[in-house]
Amino acid sequence: MPQVDPPEFTELLGLDTGELEEYMVSLGEPNYRGRQIYKWIYTRDVSSFYDMSDIPKELRRRLDSLAVISIPRVLKQRVSIDRTRKYLLELQDKKRVETVLIPQSDSKNARYTLCISTQVGCPVGCSFCATGQSGFQRNLSHHEIVGQVLGSRRELLKKVKAVDNEPLITNLVYMGMGEPLLNYDEVLQSIKLINDHKGINIGQRHITISTAGEARGIERLAKEKLQVTLAISLHACDDALRNQLVPMNRKYPLERLMRAVEFYSRENGRRITFEYILLDGVNMRRQDANNMIDILKPLLANVNLIPYNEVVGLPFKHPARAKTEQFCRWLQDGGLNATIREEHGADIEAACGQLRAEVRSQALRNY
Ligand code: SF4
């Protein structure tokens with residue numbers, strides 16, 4: 001029997017209003033059909049044309065034969081004792097990424113910060129990070145990045161009731177698997193869609209891009225003049241140690257990185273967040289605190305100290321509370337705005353540096 005190629009479907013997820021209008025016009029339909037489909041995708045998380053009740057039945061059938069909306073499916077989920085949720089999502093090519101939903105404690109209604117991934121695996125290879133140890137497979141396209149928001153929200157709505165139609169996901173952090181600025185164009189396109197007030201509608205000031213120090217990407221982002229928060233995963237304040245912990249430091253040493261950060265701060269007038277994972281016996285000496293004060297004091301900076309959550313197979317240890325508090329005090333006494341971040345979801349391996357969907361994919365039964 002001769003092989004028959006499967007039909008090519010057009011991916012509609014990731015298209016903006018104008019592109020969806022154009023697509024519908026190309027099918028001989030009025031352009032307002034594009035706006036209707038936009039609403040179904042980005043405000044109602046719908047991926048089946050048959051569920052689009054304001055589209056004529058015949059057109060729904062036609063669309064189903066021509067196009068797809070690939071909102072990733074949640075394969076497995078885990079819920080922490082602190083209500084943090086971790087979702088394992090499957091992409092079209094069966095690759096898997098993880099998202100984490102963190103409940104906001106300061107809100108009386110159910111509200112979540114969503115942490116999303118930008119790559120399958122990560123090429124940076126930070127020595128303390130489960131994702132970094134699992135290697136790099138590929139970049140995510142912008143529709144796969146946006147799809148994580150829709151897929152996670154759709155799943156969350158099955159479990160948690162929105163109050164008075166208030167949005168459940170109000171903040172977004174690009175801090176999951178991967179280095180966002182190594183997938184710059186797709187990340188930028190995803191921000192535009194996520195920010196659109198007619199669709200997902202998460203304000204730029206509620207979006208954080210976290211980078212291990214991709215200095216050229218930081219400078220590029222600065223020129224976009226977005227109001228997103230930039231977070232730098234610092235983790236060490238001298239080049240010798242940072243080279244070991246965050247290998248990207250060999251390409252962009254601290255002095256080069258800080259030049260890019262200053263440029264971002266100048267261009268956008270925004271406070272920069274610095275994430276610092278506390279590794280017992282590694283980066284918590286008095287000298288480390290002094291180095292950080294020297295580097296960060298001239299900047300508008302917030303420092304988040306994150307006690308390390310241990311990863312099976314890696315040698316790093318969680319620090320004692322007293323040591324964590326001491327380190328924080330040193331920074332505060334030196335004039336830095338430093339706080340200890342409560343870690344969420346450590347019991348379900350959803351905390352910083354603990355995501356590794358691909359490595360765990362063989363162990364899904366345990367999910
Ligand atoms: S910490 Fe971030 S940048 Fe470093 S390896 Fe892990 S995912 Fe990549």
Side-chain angles (χ1 to χ4, degrees), residues 86-89 95-100 102 114-140 144-145 148 172-184 186-187 190 208-218 221 229-237 239 241-254 256-257 260-261 272-279 282-283 303-316 318 341 343-346 349-361:
K86 180 166 79 164
Y87 291 154
L88 181 74
L89 296 149
K95 299 273 183 235
R96 288 156 178 176
V97 290
E98 288 181 320
T99 61
V100 179
I102 305 147
L114 176 66
C115 175
I116 55 174
S117 298
T118 53
Q119 298 178 312
V120 183
C122 181
V124 177
C126 298
S127 53
F128 53 84
C129 171
T131 309
Q133 302 312 301
S134 63
F136 172 66
Q137 297 197 28
R138 69 171 175 86
N139 282 330
L140 297 182
E144 290 170 324
I145 299 172
Q148 291 170 61
L172 194 72
V173 292
Y174 287 74
M175 274 188 201
M177 302 166 70
E179 162 55 57
L181 298 184
L182 287 178
N183 188 14
Y184 189 93
E186 300 298 324
V187 165
S190 72
T208 298
I209 304 285
S210 173
T211 174
E214 227 295 318
R216 290 183 61 183
I218 293 170
L221 191 64
T229 299
L230 178 67
I232 308 291
S233 300
L234 192 60
H235 312 324
C237 294
D239 281 324
L241 182 57
R242 198 161 190 275
N243 284 347
Q244 287 174 35
L245 297 178
V246 185
M248 184 177 272
N249 196 72
R250 293 182 200 136
K251 184 169 181 196
Y252 299 114
L254 279 163
R256 172 73 184 89
L257 169 61
V261 169
I272 312 287
T273 299
F274 289 85
E275 312 280 346
Y276 195 92
I277 289 191
L278 296 169
L279 305 162
V282 176
N283 63 353
V303 180
N304 279 339
L305 300 173
I306 307 163
Y308 183 62
N309 284 290
E310 292 176 19
V311 172
V312 176
L314 297 183
F316 301 100
H318 181 84
R341 192 164 89 195
E343 268 305 83
H344 294 273
E349 295 173 355
C352 256
Q354 287 190 313
L355 302 184
R356 55 169 158 193
E358 289 299 311
V359 170
R360 290 179 53 84
S361 60

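Counting convention: from 1, in listed order, for ligands and their atoms alike. Heavy-atom basis, side chains included; hydrogens, waters and symmetry copies ignored.
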Which value, rounded to the nearest 0.5 Å, describes the distance between Lys86 atom NZ and Thr99 atom OG1?
10.0 Å
List in chain and number order the residues that pass ring pair (Phe, Tyr, Trp, His ring centres under 6.0 Å) with Tyr276, two or more places apart in sequence or in another chain; answer none if no residue qualifies.
Phe327
What are the atoms of ligand 1, with element, lying closer than 4.0 Å to any heavy atom of Gly125?
5 (S)
Under 4.0 Å, counting heavy atoms only: does Gly178 come that close to any atom of ligand 1?
yes
Check salt bridge (Lys or Arg N to Asp or Glu O under 4.0 Å) between Arg256 and all other residues, then give those that pass, not counting sequence neighbours.
Glu219
Logged contact type for Cys126 with ligand 1, heavy-atom cut-off 4.0 Å, is both
I'd like to know if atom 8 (Fe) of ligand 1 has an N/O/S atom from Cys122 within less than 2.8 Å of it, counting both backbone and side-chain atoms.
yes
Among His235, Gln244, Arg242, side chain to side chain donor-acceptor pair (under 3.5 Å) partner for Asn249
Arg242
